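I have placed the structure first, in the form of structure tokens, so that the comments after it can refer back to it.
Just so you know, ligand 1 is whichever comes first in the structure, and atom 1 is the first atom listed for that ligand. The structure presented is a predicted model; accordingly, all values stated were derived computationally and were not measured.
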Amino acid sequence: MASFYLWLMCLYWIVLGHGILEAEASHRNLASLQPASPSQTYRTSYHFQPPKNWMNDPNGPTVYKGLYHLFYQYNPLGPDWGNIVWAHSTSKDLINWNPHKAAIFPSQKGDVNGCWSGSTTMLRGENPAILYTGIDPKNQQVQNLAVPRNLSDPYLIEWVKSPYNPLMTPTPENKINSSSFRDPTTAWLGPDGRWRVIVGNKLNRRGKALLYRSKDFVRWTKAQHPLYSIQGTGMWECPDFYPVSSSPIGLDTSTIGEGVKHVLKVSLDDTKHDQYAIGTYAHSKDVFVPNAGAAEKFSGLRYDYGKFYASKTFYDSLKKRRILWGWINESLSREDYIAQGWSGVQAIPRLIWLDKSGKQLVQWPISEIETLRQKKVGYPRTQLKSGSTVEVQGIKAAQADVDVSFQVASQLEQVDAFDPSWTDPQLLCSQKGASVRGGTGPFGLKVLASKDLQEYTAVFFRIFKAQNKYVVLMCSDQSRSSLNEKPDKTTYGAFLDVDPLHEELSLRSLIDHSIVESFGGKGKACITSRVYPTKALGNEARLYVFNYGKANVAISSMNAWTMKNASINRKN
Ligand code: DQQ
């Protein structure tokens with residue numbers, strides 16, 4: 001650690017001399033080329049997005065001196081991917097954000113062609129350090145370190161880079177492909193006092209989480225074996241590795257011990273899905289051992305079955321919880337998002353923990369989002385008759401939070417049979433969309449709907465009877481979401497591990513102009529979609545609850561709120 005602090009002292013001198021100042025100047029020049037007036041039509045009201053331009057992965061979210069920090073991949077020059085820097089915002093509540101100048105931008109040989117994704121680690125004494133991928137002059141992916149210049153600044157405005165960068169490089173000896181070596185995780189400290197970090201990689205078609213160890217966070221040695229790898233999965237982007245327990249109380253990233261399970265998440269470049277496995281971290285061998293059946297291709301477990309990628313968790317030491325951030329990209333064509341002048345939003349931060357079954361994770365929007373709830377409409381218990389579509393009136397349906405619970409236990413006589421060959425819920429949802437009548441279901445919500453129902457996004461359930469259990473399917477059907485033919489309207493779906501005979505079926509949707517972020521079964525399955533209505537815009541948008549199944553269903557409770565605008569440097 002001594003060498004680390006010595007380096008930090010030298011760095012003050014070097015940086016104050018010239019390095020950062022020159023880089024800042026060129027950064028400002030680039031910023032002046034940004035397009036003047038981005039389109040507001042599909043901008044969100046309470047999801048995080050910069051005022052204009054391209055945004056992708058959330059980077060290194062953390063909390064420091066009572067302030068939350070979000071860094072993110074950003075193109076200061078325009079609405080398409082490129083010229084990537086780490087943009088930076090801070091917040092007291094994870095909802096309202098203040099923008100700062102970019103924290104990390106090309107200024108060294110080790111990142112002259114881009115500052116790609118990475119993570120923050122709290123070193124001893126709660127000092128933050130960022131490991132990130134730099135793109136070097138040969139366009140090789142290398143791993144770099146940056147630390148705050150002034151630890152007494154809670155805003156962490158200035159970051160200085162290690163003169164030892166790059167700290168991890170691809171070489172012919174280590175057989176690392178220089179175009180598949182990126183996105184270091186938050187590091188964790190082993191019982192032997194050494195830090196560990198994983199970096200995403202692939203060798204041929206084998207996806208890998210390469211493991212590195214270090215005593216001082218500066219000199220890193222590649223371990224003989226990866227933490228984990230799977231043949232045939234392609235490049236693993238943005239890996240994440242963290243401990244969980246079956247309570248919403250989160251664990252610090254370095255926690256190990258009896259009863260602690262670990263999650264390995266990877267963002268699969270091939271499919272653009274964030275998949276995860278639950279298992280054990282065998283720390284004496286430094287390997288991840290997935291639970292039986294959890295490994296192969298991550299057995300289909302996803303954080304979100306819609307649009308949600310390159311996600312990252314952090315341990316919120318303020319509130320003792322683990323929080324998940326994820327990037328929701330556009331469903332517009334490239335041509336259309338460039339014309340729009342911006343691209344990409346961040347999902348609402350989610351609390352994440354292990355389900356009591358131990359088989360999957362559960363997610364729920366952080367409670368701070370409820371401070372934006374404004375006007376509430378509540379409905380008493382009521383029957384939703386077969387074939388009915390009822391408007392939920394009295395709220396601003398284009399920016400709303402709606403939470404509804406259904407009871408179907410007494411309505412399962414007419415339920416359709418489940419065919420065991422139906423293993424792909426997305427395919428099943430696209431074959432059995434919102435307008436395909438079933439025994440019990442489809443029932444759920446029609447959101448961002450036009451008054452004439454020419455446009456709507458349907459988020460709904462459908463129940464089937466398998467041999468000795470009921471199967472619940474949760475779908476988000478975008479096929480009618482817009483009269484505009486051009487956006488991608490793929491239907492999404494997930495199986496939901498809820499027993500409808502004994503449990504209510506809950507659905508919460510966060511609706512925000514062009515985002516529908518839905519949580520089924522109290523967060524056991526999440527589906528996020530981007531939609532671009534042409535009629536159901538602003539005050540013209542409507543919200544309906546519907547039941548197109550043959551059986552009636554009961555709404556046991558339903559509350560809906562208009563959401564206030566968060567202050568995120570956006571339209572008001
Ligand atoms: N985005 C970053 C990469 C990462 C990818 C570049 C994932 O570091 O692998 O912007 O979206």
Lys/Arg cation over aromatic Phe71: Lys101, 6.0 Å, 45° cone
no
Salt bridge check: are Lys307 and Asp304 linked by an N-O gap of less than 4.0 Å?
no
Please state which protein non-hydrogen atom is closest to atom 3 (C) of ligand 1 and give its distance, to 0.1 Å?
Asp183 OD1, 3.5 Å
In this structure, atom 11 (O) of ligand 1 is nearest to the protein heavy atom Asp57 OD1, 2.8 Å
Distance to 0.1 Å, residue and atom name: give those for the protein heavy atom nearest to atom 6 (C) of ligand 1.
Gln73 OE1, 3.2 Å
Sub-4.0 Å heavy-atom contact, Asn56 with ligand 1:
yes
Do the rings of His69 and His88 sit parallel, tilted or perpendicular, given the 30° and 60° boundaries?
parallel
Using the ring of Phe241 (Phe, Tyr or Trp, six-membered ring only), decide whether Arg196 places NZ or CZ under 6.0 Å from its centre and within 45 degrees of its axis.
no
Is the closest N or O pair between Trp81 and ligand 1 shorter than 3.5 Å?
yes
Do Phe495 and Met474 come close enough that some side-chain heavy atom pair is under 4.5 Å?
no
